[in-house]
Amino acid sequence: NAGVTQTPKFQVLKTGQSMTLQCAQDMNHNSMYWYRQDPGMGLRLIYYSASEGTTDKGEVPNGYNVSRLNKREFSLRLESAAPSQTSVYFCASKRMGRGADTQYFGPGTRLTVL
Amino acid sequence: QKEVEQDPGPLSVPEGAIVSLNCTYSNSAFQYFMWYRQYSRKGPELLMYTYSSGNKEDGRFTAQVDKSSKYISLFIRDSQPSDSATYLCAMEGAGANSKLTFGKGITLSVRP
């Protein structure tokens with residue numbers, strides 16, 4: 001099993017450009033998450049999908065949209081990138097939404113917005 | 001007050017030292033307590049997982065949860081250079097759509 005995979009690994013954008021970060025998991029998990037990690041800020045939840053067909057906002061959703069394409073895939077879109085969105089983005093998945101299960105993380109996407 | 005507070009560090013110790021990492025929290029609904037380890041330029045990986053109060057030991061690692069004090073700890077015995085990483089505490093409630101709340105993480109360096 002590959003676990004959680006993310007593409008691309010690195011990306012540089014200019015202010016105002018758009019892009020989509022892709023995430024896929026092969027563990028048959030129901031719940032998927034997008035986080036951003038900034039120095040001194042820890043991991044902050046952007047959006048999550050408790051199950052296929054549902055999405056909800058997390059702590060820092062402004063400037064982002066998500067799509068749960070199917071059970072395996074959960075994408076994050078930046079419609080008009082801003083320098084404040086320079087960060088490392090992590091996708092994660094979990095078997096169920098309840099706390100009893102482990103959340104597995106992907107390797108991250110390093111995004112720089114100039 | 002942040003829901004989860006973690007000493008920012010960084011922390012540097014000599015090889016073989018006992019390391020103590022701590023987090024405090026304010027939300028009494030938290031039931032599941034975790035420690036994630038994150039190596040440089042990698043994603044976090046689950047290191048220890050504890051439900052409710054008590055201790056859990058796994059090799060050189062011991063996780064403690066004191067719900068009455070809203071305080072959790074991770075102890076690393078006989079620390080090794082390979083333990084050098086960022087350690088994040090995380091916790092969540094028992095609800096159907098519970099979400100992890102993370103501490104900011106502390107970077108540990110173990111000197112050979």
Side-chain angles (χ1 to χ4, degrees), chain A residues 2-7 9-10 21 23 25 27 29-51 53-61 68 87-111, chain B residues 2-10 21-25 27-53 56 58 63 65 67 72 85-107:
Chain A
V4 180
T5 56
Q6 293 182 236
T7 55
K9 287 186 168 54
F10 303 93
L21 282 66
C23 174
Q25 52 90 9
M27 295 174 283
H29 286 175
N30 290 297
S31 301
M32 297 185 73
Y33 308 81
W34 276 106
Y35 294 88
R36 60 178 290 173
Q37 187 175 39
D38 304 291
M41 300 295 290
L43 281 159
R44 293 182 293 170
L45 183 64
I46 305 171
Y47 270 93
Y48 68 102
S49 171
S51 61
T54 68
T55 61
D56 281 292
K57 295 177 180 179
E59 182 185 354
V60 288
R68 183 72 182 268
S87 188
V88 182
Y89 291 85
F90 289 101
C91 178
S93 71
K94 189 165 78 167
R95 187 168 63 94
M96 297 291 290
R98 293 191 304 274
D101 290 317
T102 302
Q103 207 165 114
Y104 293 87
F105 284 82
T109 295
R110 293 182 175 274
L111 175 66
Chain B
K2 289 277 188 184
E3 275 195 303
V4 179
E5 300 273 8
Q6 182 173 9
D7 290 340
L21 307 176
N22 308 297
C23 288
T24 59
Y25 63 96
N27 188 344
S28 57
F30 289 146
Q31 296 285 340
Y32 299 92
F33 302 92
M34 299 140 207
W35 287 94
Y36 280 81
R37 179 174 61 194
Q38 185 177 20
Y39 290 114
S40 181
R41 296 185 171 268
K42 301 288 187 184
E45 57 178 351
L46 185 68
L47 183 63
M48 297 286 286
Y49 177 103
T50 309
Y51 171 67
S52 196
S53 284
K56 186 172 185 178
D58 183 1
V65 175
K67 289 189 71 179
I72 72 170
T86 296
Y87 291 80
L88 303 109
C89 62
M91 46 200 80
E92 63 181 322
N97 289 322
S98 61
K99 298 177 289 296
L100 275 178
T101 300
F102 284 87
K104 292 183 179 180
I106 183 169
T107 298

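None of these values were measured; they are calculated from a predicted model.
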For A:Arg110 and B:Arg41, what are the C-alpha separation, side-chain angles and deciding distance, and is it a side chain to side chain contact (heavy atoms under 4.5 Å, CB included)?
CA-CA 9 Å; A:Arg110 293 182 175 274; B:Arg41 296 185 171 268; 3.1 Å; yes
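- Heavy-atom distances place no part of B:Phe30 under 4.5 Å from chain A, backbone and side chain included.
- Scored by the salt bridge (charged side-chain N to carboxylate O under 4.0 Å, His left out) test, B:Glu45 finds B:Arg37 as partners (sequence neighbours excluded).
- Going from atom OG1 of B:Thr86 over to atom CD of A:Gln37 covers 7.5 Å, rounded to the nearest 0.5 Å.
- One finds the CG atom of A:Leu43 at 6.5 Å from the CD atom of B:Gln38 (value rounded to the nearest 0.5 Å).
- Between chain A and the residues B:Pro8, B:Pro44, B:Ala90, B:Gly105, the largest count of heavy-atom pairs under 4.5 Å involves B:Pro44.
- One distance of note links NZ of B:Lys99 with OH of A:Tyr33; it measures 8.5 Å at 0.5 Å rounding.
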Go through it in stages, so that I can follow the logic: the residues are A:Gln103 and B:Leu46, the test is side chain to side chain contact (heavy atoms under 4.5 Å, CB included), and I'd like the CA-CA distance, side-chain angles, deciding distance and then a yes or no.
CA-CA 8 Å; A:Gln103 207 165 114; B:Leu46 185 68; over 6 Å; no
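- Residues satisfying the side-chain hydrogen bond (donor to acceptor under 3.5 Å, both in side chains) test with A:Ser49, not counting sequence neighbours, are A:Arg68.
- Of the inter-residue distances, the one linking B:Phe102 atom CZ with A:Tyr35 atom OH reads 4.5 Å to the nearest 0.5 angstrom.
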